[in-house]
Amino acid sequence: MVSLFIIAHAPLASALRDCVAHVFPSEAADILTLDVAADWSQAEVLAQAQLQLDALPTDRELLILTDLFGATPCNVATQLVQGARVRMVSGVSVPMLLRAVTYRHEPLAAVVARAVAGGTQGVIAVGSSAPQNQQRRATHGQDQHHHQQ
């Protein structure tokens with residue numbers, strides 16, 4: 001099974017784990033999180049991340065998810081990616097995380113691919129146009145004060 005570790009600006013990492021707990025209550029406890037405080041140095045973040053990783057079984061593969069490419073959480077995570085057993089994806093979102101959780105029993109490369117697909121497929125532009133095959137209701141006279149009950 002692939003372990004998941006979210007490193008993000010506070011309080012995003014914990015909030016994302018809470019989202020997983022909402023959908024998959026039994027899976028959230030296994031997700032490591034590190035909420036990076038605004039005043040932490042990269043050295044402090046790296047030390048905190050290492051403490052969390054030391055608790056993981058050594059035979060586990062690891063996917064690290066970060067929030068923003070080029071920011072401190074991502075820069076620290078790149079220092080943790082060593083060897084074929086650890087991968088990182090930046091730009092974590094709820095759809096990405098839920099996909100990773102759902103498929104974490106697959107090999108690491110497959111979990112990475114599914115997480116990235118979940119993130120990209122989870123981005124949908126929603127316009128203000130009328131739903132398909134329906135016309136917008138014109139607002140004339142009393143219609144503009146009509147409310148459904």
Side-chain angles (χ1 to χ4, degrees), residues 1-137 147-149:
M1 179 164 72
V2 174
S3 293
L4 302 175
F5 187 9
I6 307 167
I7 305 175
H9 292 89
L12 185 57
S14 294
L16 287 168
R17 182 175 54 199
D18 290 346
C19 289
V20 171
H22 181 79
V23 180
F24 301 115
S26 63
E27 298 288 332
D30 292 336
I31 298 173
L32 300 174
T33 61
L34 180 57
D35 287 307
V36 178
D39 60 346
W40 286 3
S41 69
Q42 280 197 351
E44 289 173 299
V45 177
L46 184 58
Q48 291 296 318
Q50 278 302 154
L51 283 174
Q52 295 230 23
L53 291 179
D54 289 345
L56 277 180
T58 56
D59 63 334
R60 286 258 181 108
E61 293 179 309
L62 176 67
L63 174 57
I64 302 171
L65 301 167
T66 68
D67 55 353
L68 183 63
F69 183 79
T72 300
C74 180
N75 293 338
V76 167
T78 59
Q79 296 176 54
L80 302 172
V81 179
Q82 299 173 5
R85 300 185 65 78
V86 181
R87 299 279 304 272
M88 183 191 83
V89 175
S90 186
V92 66
S93 64
V94 173
M96 177 187 290
L97 181 58
L98 292 177
R99 189 75 63 97
V101 167
T102 301
Y103 294 101
R104 65 194 291 191
H105 296 286
E106 292 186 2
L108 181 58
V111 176
V112 169
R114 290 187 183 272
V116 170
T120 56
Q121 292 168 3
V123 176
I124 301 169
V126 179
S128 61
S129 63
Q132 188 174 7
N133 298 325
Q134 295 183 14
Q135 296 178 3
R136 284 188 172 267
R137 185 177 184 157
H147 301 283
Q148 286 186 340
Q149 304 266 334

What residues form a side chain to side chain contact (heavy atoms under 4.5 Å, CB included) with Ala37, not counting sequence neighbours?
Asp39, Trp40

Quick check: do Leu98 and Phe24 have side-chain heavy atoms less than 4.5 Å from each other?
yes

With sequence neighbours left out, write down each residue that passes side chain to side chain contact (heavy atoms under 4.5 Å, CB included) with Leu68, or none if nothing qualifies.
Ala71

Residues Ala100 and Ala115: closest non-hydrogen pair is CB-CB, 4.1 Å

Separation between CG (Leu32) and CD1 (Ile7), nearest 0.5 Å, reads 9.0 Å

Applying salt bridge (Lys or Arg N to Asp or Glu O under 4.0 Å) to Glu44 and not counting sequence neighbours gives none

Validation: residues 80-88 side-chain donor-acceptor distances under 3.5 Å, sequence neighbours left out:
unit_1, atom_1, unit_2, atom_2, d
Gln82, NE2, Gln79, O, 3.2
Arg85, NH2, Asp59, O, 2.0

side-chain contact (heavy atoms from CB on, under 4.5 Å) with Leu4: of Leu62, Val92, Leu97, Ile64, only one passes, and it is Leu97

Does a side-chain heavy-atom distance below 4.5 Å link Leu63 with Val112?
yes

Of all pairs that satisfy side-chain hydrogen bond (donor to acceptor under 3.5 Å, both in side chains), the ones with a partner from residues 47-58, not counting sequence neighbours:
none

Which pairs pass side-chain hydrogen bond (donor to acceptor under 3.5 Å, both in side chains) with one or both residues in residues 62-78, sequence neighbours excluded?
His9-Asp67, Thr66-Ser90

Which residues share a side chain to side chain donor-acceptor pair (under 3.5 Å) with Gln121, sequence neighbours left out:
Arg99

Please set out all donor-acceptor pairs under 3.5 angstrom arising from side-chain atoms of residues 12-20, sequence neighbours excluded.
unit_1, atom_1, unit_2, atom_2, d
Ser14, OG, Asp35, OD2, 2.3
Arg17, NH1, Ile31, O, 3.1
Arg17, NH1, Thr33, OG1, 3.3
Arg17, NH2, Thr33, OG1, 3.4

Salt bridge (Lys or Arg N to Asp or Glu O under 4.0 Å) contacts in which one or both residues fall within residues 108-126, not counting sequence neighbours
Glu106-Arg114

Minimum heavy-atom separation for Arg60 and Ser3, please, with both atom names.
NH1-OG, 2.9 Å

